[in-house]
Trainee: 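Here it is, the structure, as structure tokens.
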Amino acid sequence: MPRYRLPLTAALIAMASAAIAQTPPRAPALTPEQEAERIAARNLPNIPGSGPYPAIMEVNPSLPAHVIYRPATLPAAKLGVLVWGNGGCQEDGASARQHLLEIASHGYVVIAPGRIMSGPTATEKLPEPVPGAPRRLDSPTKSADVLAGLDWALKENMRAGSPYKGHIDPKQTAVAGHSCGGLQALEVARDPRIHAVLIHNSGVFADGSNPIAGINVTKALLKDIHTPIIYILGGPGDIAYPNGTDDFARIDHVPAALVNLPVGHGGTFYKPYGGPVAQVSVDWLEWQLRGDKSAGRTFTGPACRLCVAPGWSIERKHMD
């Protein structure tokens, strides 16, 4: 499978940007083409990923308010854990299912708060946006909900009778999130059990300008980051571009990368296998959590993969 598939169709970019932008006050009407793309993405089957461990999506009775992505058959190798903040901080734990299934297929337990509210296996439906109606600017899920996924995974690793007992490496733990969920990830990132951070199409609002109730992050929080961190943005057309680039400029105490692919705020989450953004995310996790030098070549050296891949740009600090 190609590692970096470019680009998304203009219709999907426009649809995704309108649907899940970081701070839109209203939901604009979609064109017929955008509506068709949205329906196609919603109905795309759950693809088990391109990694060595075909992945599934499920809800575990012991964690009913979360969606879990994991290898269908737990491998002998230790599993990593990625806890995820949903775009819009919404309660749809399946909103980035193609992206998260791809990561899980590389040997990770990925946990998102919420329920399965989109896709062909949805158990309940996410309310449709009403064109022209004010959008909720509160946070249906909380940072504590993201962190609860990590608490559960580490407890399961120790619990007698758990299928995960002994299968999880507590040092292979990371947090990531998209848009509003990226702000949740930044808040969770201070937890000493976290070993890597990925922020997608997000960044802290200028102090005093945060419009999202329930999100309590300021620029000062960036000083609490204690692990390598990557910002993956959608280029200047990404509504979070100013916030994310400002965050990166302020971070100077840990290894950090800022990468851009000009696809807008929606990223490539809805593409099969999560699109090129998922491949970059897997490489960051494999490098930071498992010391995979081949994966690290995506980010390091004068001819790094993202340095030469069409459409991508990269900035780095304390990495070479």
Side-chain angles (χ1 to χ4, degrees), residues 1-24 27-28 30-31 33-42 44 47 49-50 84-88 90 92 94-103 118-119 129 176-183 185 198-203 229-248 257-285 298-299 304-315:
M1 184 186 72
R3 294 184 65 86
Y4 305 115
R5 295 184 293 274
L6 298 169
L8 281 174
T9 65
L12 180 56
I13 297 167
M15 174 279 293
S17 298
I20 52 175
Q22 197 166 7
T23 61
L30 300 179
T31 68
E33 293 79 10
Q34 291 168 356
E35 178 67 12
E37 289 281 2
R38 186 179 73 86
I39 292 172
R42 182 181 65 195
L44 191 67
I47 300 173
S50 68
W84 175 262
N86 302 319
Q90 61 186 313
D92 182 11
S95 59
R97 59 197 170 91
Q98 306 297 351
H99 179 87
L100 302 184
L101 282 164
E102 175 63 24
I103 292 173
S118 60
H178 176 222
S179 192
C180 179
L183 299 178
L198 304 89
I199 306 300
H200 295 272
N201 312 94
S202 189
I229 183 170
I230 186 170
Y231 283 77
I232 304 175
L233 304 180
D238 183 348
I239 195 171
Y241 182 84
N243 296 352
T245 54
D246 181 71
D247 282 9
F248 179 74
L258 170 67
V259 302
N260 269 284
L261 180 65
V263 295
H265 192 63
T268 66
F269 298 105
Y270 304 114
K271 297 292 283 183
Y273 304 96
V277 167
Q279 302 308 310
V280 170
S281 301
V282 168
D283 282 350
W284 184 260
L285 292 169
T298 295
F299 313 98
C304 72
R305 294 189 185 102
L306 292 182
C307 300
V308 299
W312 287 93
S313 65
I314 182 169
E315 299 178 51

Trainee: Would you say the side chain of L101 lies within less than 4.5 Å of the side chain of I47, judging by non-hydrogen atoms?
Mentor: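 No. Closest side-chain heavy atoms not under 4.5 Å.
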Trainee: Going from CZ on R97 to CG on L44, what distance comes out if it is rounded to the nearest 0.5 angstrom?
Mentor: 6.0 Å
Trainee: Return the CD1 to CD1 distance between I199 and I232, rounded to the nearest 0.5 Å.
Mentor: 9.5 Å
Trainee: How long is the straight-line distance from CG of D238 back to CG of N260, given to the nearest 0.5 Å?
Mentor: 7.5 Å
Trainee: Parallel, tilted or perpendicular: which describes the rings of F269 and H99, with under 30° parallel and over 60° perpendicular?
Mentor: perpendicular
Trainee: Examine distances only and state if a side-chain atom of H178 and a backbone atom of H265 form a donor-acceptor pair shorter than 3.5 Å.
Mentor: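 Checked: pair present.
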Trainee: How close do W312 and P276 get, heavy atom to heavy atom, and via which atoms?
Mentor: CZ2-CB, 4.0 Å
Trainee: Are W84 and H200 side-chain neighbours, meaning at least one heavy-atom pair lies under 4.5 Å?
Mentor: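 W84 reaches H200 side chain to side chain.
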Trainee: Please give me the minimum heavy-atom distance between L183 and S202, naming the atom from each residue.
Mentor: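 Shortest heavy-atom separation between L183 and S202 comes out as N-OG, 3.5 Å.
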Trainee: Give me the atom names and distance for the closest heavy-atom approach of G203 to Y231.
Mentor: CA-CE2, 4.3 Å
Trainee: At what distance, to the nearest 0.5 angstrom, does CG of L258 lie from OH of Y241?
Mentor: 7.0 Å
Trainee: At what distance, to the nearest 0.5 angstrom, does CG of L306 lie from OG1 of T298?
Mentor: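 So the CG of L306 and the OG1 of T298 are separated by 6.0 Å.
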Trainee: S95: which residues meet the side-chain contact (heavy atoms from CB on, under 4.5 Å) condition with it, sequence neighbours left out?
Mentor: N86, Q90, D92
Trainee: Using the side-chain contact (heavy atoms from CB on, under 4.5 Å) rule, take S281 and E102 through it: C-alpha gap first, then chi angles, then the decisive distance, then the call.
Mentor: CA-CA 10 Å; S281 301; E102 175 63 24; over 6 Å; no
Trainee: Specify the closest pair of heavy atoms between G311 and P262, including all atoms of both residues, with the distance to one decimal.
Mentor: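 The answer is O-CD, 3.1 Å.
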Trainee: Looking only at heavy atoms, which two atoms of G177 and A185 are closest? And how far apart?
Mentor: N-CB, 3.8 Å
Trainee: Taking all non-hydrogen atoms of both residues, which atom of A94 and which atom of S118 are closest, and how far apart?
Mentor: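 Taking every non-hydrogen atom into account, O-OG, 3.5 Å.
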Trainee: With L198 as reference, evaluate I103, I229, I230, V280 under the side-chain contact (heavy atoms from CB on, under 4.5 Å) test and give the passing residue.
Mentor: I230
